[in-house]
Each structure stands twice: as C-alpha cells, then as structure tokens.
Amino acid sequence: MRWSERQRAMLREMGIPPFWPVEPETAAVMATEAVAAPVPAPVPSEPIKPKQPIAVAQVLDALPQARRPDGVESMDWPALREAVAHCRACDLCGSRTQTVFGVGHIEAQWMIVGEAPGEQEDKQGEPFVGRAGQLLDRMLAALDLTRAESTADKQVYIANVLKCRPPANRNPLPPEVAQCEPYLLRQMALVQPRVVLAMGRFAVQSLLKTSEAIGRLRGKVHEVQGVPVIVTYHPAYLLRNPADKALVWDDLCLAREVWAQRGAQSSR
Ligand code: URA
C-alpha cells in the first residue's frame with residue numbers, strides 16, 4: 001500500500017505506528033521524517049444548509065412545555081452552567097454522578113461536539129477524558145490546538161450532545177437528545193465558533209437533523225446557525241477502526257481550511 005504524504009503526516013502527528021504493511025520506500029520515509037511537512041488541505045465546498053434552519057426557539061417548541069429549560073435562549077454562561085447542573089428533565093439525572101457541561105475557551109474558534117459523557121467523564125465532570133478523549137487531544141495537537149481554557153488565541157471548546165452519562169454507556173435516546181439540544185445550541189450561540197466539528201452519529205444527527213450516514217456527509221461543509229459544520233467519525237469509533245484515522249485527518253484538514261477562510265473574513 002502506498003500512503004500519501006497527508007496520511008503519513010497524520011499518523012506521525014497522532015503518534016500512531018503503521019497499522020498495515022507499507023512498501024519499503026514509505027516505511028523508510030516515515031522512519032526518517034522528523035518534522036511534519038505542510039499538509040495539503042482539500043478545498044471546501046459551499047456550505048450546505050440543513051433543510052430547516054435550526055434555532056433554539058424551534059428546538060424548544062418541540063419539547064413539552066413542562067420540560068423546556070426556561071429562558072435558555074438568552075442565558076449567559078453562568079446561568080447556562082447552573083441550568084445544566086440542576087437539570088432533572090429526563091431520567092438520566094437519576095443515574096449521573098454529575099453533569100458534564102463543557103471545557104475549553106468560551107470564545108473558542110473551534111467547537112468540538114461529541115456524544116455523551118462516559119464513565120470517566122461522569123466521574124471527573126469534563127468531556128472526553130477517557131481513551132477517546134486522549135485520542136481527541138492528539139488529533140487536536142496535530143492541528144496545534146489544545147482544549148486549555150487559557151489559550152490566548154481562543155482555540156477550542158468541547159461539548160457533548162448529552163450532558164449526563166447514559167447508563168452503561170448505552171446510546172442516547174431520541175427524547176434525551178431532544179431534551180439536551182437547547183443547551184448545546186445555546187453553548188454554540190455563546191461560543192460563536194468559526195467552525196464546528198461534529199464527531200459521531202449523535203452529534204451529526206442532533207446538529208444537522210439528518211439520519212444520513214457519516215460516510216455520506218463527510219467532505220462537505222454543512223451549516224448550523226450560520227456556523228460551518230464539518231462531519232467526522234467519533235474518536236471511540238477510531239479506537240475500534242484505526243484504519244479510518246486517515247479519513248478523519250482529511251476531515252480535520254477540511255475543518256482547518258474552513259477555519260482559515262473564516263478567519264480571513266472576520267477578526268475572530
Ligand atoms: N465520548 C463522547 O462523545 N464524549 C465524551 O465526553 C466522552 C466520550
């Protein structure tokens with residue numbers, strides 16, 4: 001198998017040894033490369049808008065009156081954090097250790113959206129701190145990004161679709177996703193990122209309102225609330241399917257290209 005420079009750069013940056021046989025020439029190049037070469041990024045297409053524009057108000061309308069988080073559409077960060085911490089709108093509140101709100105710079109240029117807290121996240125109160133999170137951190141590092149809150153250049157904010165751990169890490173249920181959606185959309189509205197990376201089926205379904213497979217949504221620029229959204233596989237999926245890391249690297253490059261273009265258009 002002949003690997004492209006982009007694939008080799010991705011593997012190097014993510015600290016991943018070759019996971020299938022490579023031809024001797026590629027192996028030799030990989031062994032001697034000390035510095036990552038510039039990685040060519042695909043040219044983004046025009047943003048694809050979801051069939052219906054997604055607004056917090058619309059998402060709230062879909063919830064029964066008694067379960068609407070009151071005033072969420074105008075909450076500031078402290079109010080939103082409080083609302084999430086005390087949320088008892090669905091059954092997940094009964095089994096959680098704590099809610100997992102989000103982490104990173106609150107005016108970040110990149111927003112990463114995952115699925116739901118797992119065991120470690122539920123214990124520590126921070127998204128993506130388990131094995132999938134370690135892989136996510138390496139992916140971000142490959143782009144020179146960190147989740148640290150204190151970055152001067154406002155790098156990354158990470159949040160999940162669900163703020164509470166589903167028991168035994170089962171998949172989120174549609175009513176749970178619907179219930180938590182206003183919180184995620186408000187987080188997005190407050191962060192105002194230049195680009196959103198939707199990781200995995202549940203992030204994609206929640207943000208883009210589609211049941212289309214990730215494989216068919218990748219490689220395009222989608223849009224939610226005027227913000228470009230790039231679709232990619234979840235890091236937990238990559239732990240099980242490491243050969244697809246090269247695809248995710250392509251998605252990260254596309255996100256970076258969109259981010260750079262948006263930077264050229266605005267001061268953020
Ligand atoms: N998977 C997610 O989607 N989110 C987390 O916070 C941890 C694992």
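Numbering of ligands and ligand atoms starts at 1, following listing order. Quick caveat: nothing in here was measured; it's all calculated off a predicted structure. Below, each value reflects all heavy atoms present in this structure, side chains not excepted, and no hydrogens, waters or symmetry copies.
L136 is connected to V103 through a chain of hydrophobic side-chain contacts under 4.5 Å among Ile, Leu, Val, Met, Phe, Trp and Tyr, so both are in one cluster.
Within a 6.0 Å sphere centred on CZ of R216, other residues, nucleotides and ligands contribute 12 heavy atoms or fewer.
Listed by chain and number, G114, E115, A116, E121, P127, F128, N160, H234 each place a non-hydrogen atom less than 4.0 angstrom from ligand 1.
R218 contributes a side-chain N or O that, together with a main-chain N or O of L247, makes up a donor-acceptor pair within less than 3.5 Å.
Note: W77 and F101 have perpendicular aromatic rings, judged against thresholds of 30 and 60 degrees for the angle between ring planes.
If you take CD on Q187 and CE on M111, they are separated by 5.0 Å, rounding to the nearest 0.5 Å.
Here the closest non-hydrogen pair linking V72 and Y183 is CG2-CD2, 4.0 Å.
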